[in-house]
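For the numbers below, each heavy atom of this structure counts, side chains included, while hydrogens, waters and symmetry mates do not.
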Amino acid sequence: MDEMNRKMDEELQQRVADLTAHNDETGDGKLDVADLKAQLNRIEAQLELQDRQNRHIMKNQRLRMLLSVVMTVVLLGALGVFWYYSRIAYHQVMDSTAQVNELVETLQSSLATLDPEELDAMMQDLPEITEQLKRIDVDALNEVLDGLPTLMNSVNQLQSQVQSIAGLFGGLSSILR
């Protein structure tokens, strides 16, 4: 048992010597106030470094949180705009459907009021009308339609001139009476 106690004492002394050797900041071979002061300075430097790192981490977390809030607001805004325009489109489709339904009802009521013989006669004339429409020269029709506004202006000018001449003759006839 003495031998065991001696081994334990040697191990303990070895450990204390190792700790003392590693804690000796000044290199004088003993642990004193200067060594403790150097260790304290080193610990304070490590704490300052950790504090800067923690502040940087907190700053990054705040920035990420702010960015997440901004992105959420932008996404909600985009969803709101999408919802608004899809609602408008939905209402337009529903209005168009209602108009088509009204046209169908009007057509059905018109067809219901037609005499079946008149409807048969119209259906018999339909191929002939289609053939006549096929024979129309589209280019010539387009030229006529292009010249129509000019012709209408000329007709309106002639009409105004005729009215002014009629007014002049009307004035002369009232003078002559």
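- Note: L49 CG to N54 CG = 9.5 Å, rounded to the nearest 0.5 Å.
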Side-chain donor-acceptor pairs of residues 156-165 under 3.5 Å, sequence neighbours excluded:
unit_1 : atom_1 : unit_2 : atom_2 : d
N156   : ND2    : M152   : O      : 3.3
S160   : OG     : N156   : O      : 3.4
S160   : OG     : Q157   : O      : 2.7
S164   : OG     : S160   : O      : 3.4
S164   : OG     : Q161   : O      : 2.7

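- Hydrophobic cluster membership is shared by L107 and M122, with clusters built from Ile, Leu, Val, Met, Phe, Trp and Tyr side chains linked at under 4.5 angstrom.
- Residues L103 and Q99 fail the side-chain proximity criterion, which asks for heavy atoms closer than 4.5 Å.
- If you take CD on Q53 and CD on Q50, they are separated by 7.0 Å, rounding to the nearest 0.5 Å.
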Without placing hydrogens or testing angles, list every side-chain donor-acceptor pair under 3.5 Å for residues 79-98, not counting sequence neighbours.
unit_1 : atom_1 : unit_2 : atom_2 : d
S86    : OG     : F82    : O      : 3.0
S86    : OG     : W83    : O      : 2.9
S96    : OG     : Q92    : O      : 2.9
T97    : OG1    : V93    : O      : 2.7

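- Taking CD1 from I57 and CZ from R62, the interatomic distance works out to 12.0 Å, rounded to the nearest 0.5 Å.
- Taking a 4.5 Å side-chain heavy-atom cut-off between Ile, Leu, Val, Met, Phe, Trp and Tyr, the cluster of M58 contains only that residue.
- Note: N101 CG to Q108 CD = 9.5 Å, rounded to the nearest 0.5 Å.
- Applying the salt bridge (charged side-chain N to carboxylate O under 4.0 Å, His left out) rule to pairs touching residues 47-57 yields D51-R55, sequence neighbours excluded.
- Partners of Q132 according to the side chain to side chain contact (heavy atoms under 4.5 Å, CB included) rule, which considers only residues two or more places apart in sequence or in another chain, are E128, R135.
- The CG atom of L67 sits 11.5 Å away from atom CG of N60, with the distance rounded to the nearest 0.5 Å.
- Taking E131 as the reference, K134 meet the salt bridge (charged side-chain N to carboxylate O under 4.0 Å, His left out) condition, with sequence neighbours excluded.
- To the nearest 0.5 Å, atom CG of residue N142 and atom CG of residue D137 are 9.0 Å apart.
- Test V138, D139, L145 against L141 for side-chain contact (heavy atoms from CB on, under 4.5 Å) and you get one pass: L145.
- Atom CD of E117 has 12 or fewer heavy atoms from other residues, nucleotides or ligands within 6.0 Å.
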